[in-house]
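Below is one structure, written out as structure tokens, with a few remarks after it.
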Amino acid sequence: MSQKMAFLTVWQIIAVLVTSLGFAATPMPREMPDPIKKIVDFASDIKPILEKNCTKCHANGKRKGGFSIDHVHSVEAGGDSGPAIIKGKGSASLLVNLLLSNDPDELMPAKGDRLLLTEVALLRAWIDQGLQWEKGFTFAKSRNAPVAPRKVELPQGSESNPIDRLLSPYYKKNNLDSKLSVSDGVYARRAFLDTIGLLPSSGEVEKFSVDKGEEKRARLVSELLKDNESYAEHWITFWNDCFRNSYTRQYHGGGGKKITDWLKKSLIENKPYDQFVRELIDPVNGSDGFIKGIVWRGTVNASQVAEMQAAQNVAQVFLGLNIKCASCHDSFINDWTLKQTYALASIFSDGPMDIHRCNKPTGEKASPAFLYPELGNIDPKASRSERVKQLSGIITSPKNGRLARTAVNRLWAIFLGRGLVEPVDEMDNPSWNQDLLDWLAVDFVEHGYDLKHTINLILTSNAYQRPSVALDEDATEYIFEGPVVRRMSAEQFLDGLDQVILAASADAKDRDTGRKRAGMRNLDRLMRTLGRPKRDVVVTRRESTATTAQLIELSNGKPLADLMMRGGQAWVKLEKEPELIVGSIFSSALGRLPSELETKSAQKIIGDPVNAKGVEDLLWMLAMHPEFQLIH
């Protein structure tokens with residue numbers, strides 16, 4: 001970058017870092033109260049305080065900041081910022097200090113009345129006295145959603161897309177305009193990134209914009225979904241995260257192996273989802289890496305043996321069910337028991353499994369069984385291979401409506417930014433529109449478990465075409481108004497930059513990145529910082545909140561700097577007028593031409609004659625711009 005740009009960037013970074021790391025002047029906290037000098041009773045003293053002030057954000061499945069108070073174990077586990085409680089040391093506990101803070105960025109509760117100092121004193125004393133908890137109590141309200149499919153009749157209406165017809169009463173109830181829609185340019189960029197993970201070229205945007213046909217958006221989505229190679233190389237990222245398919249992990253000890261070839265081939269041919277799931281549970285050649293799990297070196301907790309991993313991962317990915325808590329003891333967050341989880345894990349075992357509670361053997365043996373016996377039975381006397389085959393048949397049976405509901409809910413969450421059920425791995429939670437969820441699930445099955453059919457249905461709905469909105473995570477009730485603004489994934493961001501750089505080439509092709517797609521490349525530091533997981537655990541949704549590490553890497557990291565330098569050199573070789581280069585870069589990066597003011601500013605940056613350092617600065621500025629990084 002030029003000296004001026006580098007100078008500005010450094011000081012901007014310092015300003016952000018100072019603020020984010022807490023060095024800026026902040027209001028003094030309230031004074032730490034002395035602990036109450038009495039034996040604190042959880043039921044009468046603590047539970048009312050937590051129920052009144054904390055449950056909206058941190059209980060019953062809600063984990064703002066990764067912190068839950070559903071049970072004492074989740075309180076002790078802490079959240080994204082680390083332990084919230086230091087047992088026996090109330091004054092040193094983060095929870096107490098946040099309750100006393102006057103800093104609007106960290107104080108708790110974030111909204112509503114502050115806790116009285118007498119209430120903080122009670123909480124401090126409770127922690128000092130060892131965090132006593134009422135035996136068996138939980139703030140979670142367990143709910144077991146129906147398993148069977150439910151057929152919903154479409155209401156009468158003029159809307160051509162069934163999703164919009166089902167949402168029409170919802171819009172009226174919430175006083176929302178049902179006809180709102182984004183511009184062609186915004187829609188094209190959104191659809192390209194969501195279907196094939198790439199930016200539309202300037203030529204593709206222009207072609208779409210001049211098309212005056214009424215069904216042009218439907219035609220665009222259909223054409224994108226027919227690009228099987230680009231579709232597969234984009235969606236393999238999501239499924240790699242779900243199946244812990246790492247390109248770089250060294251497998252050993254009989255554990256799982258890479259399923260990349262099988263997975264990409266399945267996506268290219270749009271394998272029916274029920275068959276896709278069957279082949280992962282009851283593996284065929286090349287698909288056994290998911291179910292075999294990771295055989296960890298050294299001593300392994302009983303809840304992390306390969307058979308238990310298989311049970312946990314099958315339940316989470318395909319059924320939207322969290323049984324990790326019940327892998328160690330009876331769950332505190334739902335109704336699943338230790339014996340039920342071991343029964344599922346035993347299906348994958350060569351012999352009877354010894355049940356361990358909190359890693360200590362109970363002396364009992366587990367008998368193989370499925371979590372929902374009403375869907376089918378597992379023969380405990382059958383061989384392991386036969387039991388696994390029985391399980392794959394039960395889970396993919398049309399009687400199991402939960403498989404389809406979980407799948408369509410994941411698709412809705414990916415495209416609209418928030419699921420019909422949240423969190424997406426807690427499918428027992430209520431849906432904000434149960435009729436829509438159930439209709440989509442049944443339609444998915446009736447169309448042969450065709451993922452592309454459901455994707456097409458969602459992307460051609462007016463619901464998807466509505467203007468994007470910011471998600472208010474503190475709202476007491478979620479109201480669907482349109483897709484949530486989303487950040488590009490690490491892979492989309494890097495592929496997009498490659499496309500912008502390649503656009504400088506005279507023989508550049510549409511939907512080409514000039515090298516292997518980011519989703520097909522090994523994990524590196526830049527991708528890791530931008531949010532791609534190591535894939536040692538199942539990840540069905542990546543964290544979308546920007547981090548300080550990302551700020552530093554994007555501003556000063558060598559891999560991105562080298563990429564920008566290459567881009568600057570590539571665009572200078574075109575030997576075009578500054579105005580043409582500026583227009584081409586804007587079109588490639590943002591899918592639009594620059595405004596008059598943007599053109600003048602950008603021309604000053606790249607120079608006349610154009611110099612590589614100036615172009616590098618412009619590329620950097622556009623790559624950091626929200627219009628590039630966000631999917632609106």
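- Within 6.0 Å of the NZ atom in K534, the count of heavy atoms belonging to other residues, nucleotides or ligands does not exceed 12.
- Here S327 contributes atom OG and Q312 contributes atom CD; the two are 3.5 Å apart, rounded to the nearest 0.5 Å.
- Applying side-chain contact (heavy atoms from CB on, under 4.5 Å) to V120 and the options N97, L95, I36, L115 leaves one that passes, L115.
- Just one residue in the list L98, D128, L131, I127 forms a side-chain contact (heavy atoms from CB on, under 4.5 Å) with S93, and that residue is I127.
- Here the CZ atom belonging to R535 is positioned 7.5 Å from the CG atom belonging to L523, to the nearest 0.5 angstrom.
- In this structure, F243 has its ring center at least 6.0 angstrom away from the ring center of F238.
- Between the side chain of Y478 and the backbone N or O of D472, no donor-acceptor pair lies under 3.5 Å.
- A heavy-atom distance below 4.5 Å is not found between the side chains of L560 and E553.
- Although no hydrogens or angles enter the test, the distance criterion places no donor-acceptor pair under 3.5 Å between the side chain of W133 and the main chain of F42.
- Between the CG atom of N53 and the CD1 atom of I49 there is a distance of 7.5 Å, given to the nearest 0.5 Å.
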So L166 and L440, side chain to side chain contact (heavy atoms under 4.5 Å, CB included) or not? Walk me through it.
-> CA-CA 10 Å; L166 285 160; L440 282 170; over 6 Å; no

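- For the residue pair N433 and S431, no side-chain donor N or O sits within less than 3.5 Å of a side-chain acceptor on the partner.
- A salt bridge links R150 with D435: at least one charged nitrogen is closer than 4.0 Å to a carboxylate oxygen.
- A salt bridge between D536 and R244 is absent, with no side-chain N of the basic residue lying under 4.0 Å from a carboxylate O of the acidic one.
- Taking 4.0 Å as the cut-off between side-chain N and carboxylate O, K87 and E76 count as a salt-bridged pair.
- Between the side chain of D428 and the backbone N or O of A145, at least one donor-acceptor pair lies under 3.5 Å.
- Cation-pi geometry between R466 and Y171 is met: the NZ or CZ atom falls under 6.0 Å from the ring centre, inside 45° of the normal.
- The local environment of CG in D113 is sparse, with at most 12 non-hydrogen atoms from other residues, nucleotides or ligands closer than 6.0 Å.
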Show me the donor-acceptor pairs, under 3.5 Å and distance only, between side chains in residues 625-632 and residues at least two apart or in other chains.
residue: H625; atom: ND1; partner: E627; partner atom: N; Å: 3.0
residue: E627; atom: OE1; partner: R592; partner atom: NH2; Å: 3.0
residue: E627; atom: OE2; partner: R592; partner atom: NE; Å: 2.7
residue: Q629; atom: NE2; partner: A623; partner atom: O; Å: 2.9

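- Cation-pi geometry between R190 and Y464 is satisfied (NZ or CZ under 6.0 Å from the ring centre, within 45° of the ring normal).
- Using a 4.0 Å cut-off between a side-chain N of Lys or Arg and a carboxylate O of Asp or Glu, K64 and D80 do not qualify as a salt bridge.
- With salt bridges taken as basic N to acidic carboxylate O contacts below 4.0 Å, none links R114 and E119.
- Exactly one residue among N322, L437, L321 makes a side-chain contact (heavy atoms from CB on, under 4.5 Å) with M427. That residue is L437.
- With respect to the salt-bridge test (charged N to carboxylate O, under 4.0 angstrom), the residues K38 and D45 qualify.
- Between atom CG of residue L411 and atom CG of residue L420 there is a gap of 10.5 Å, rounded to the nearest 0.5 Å.
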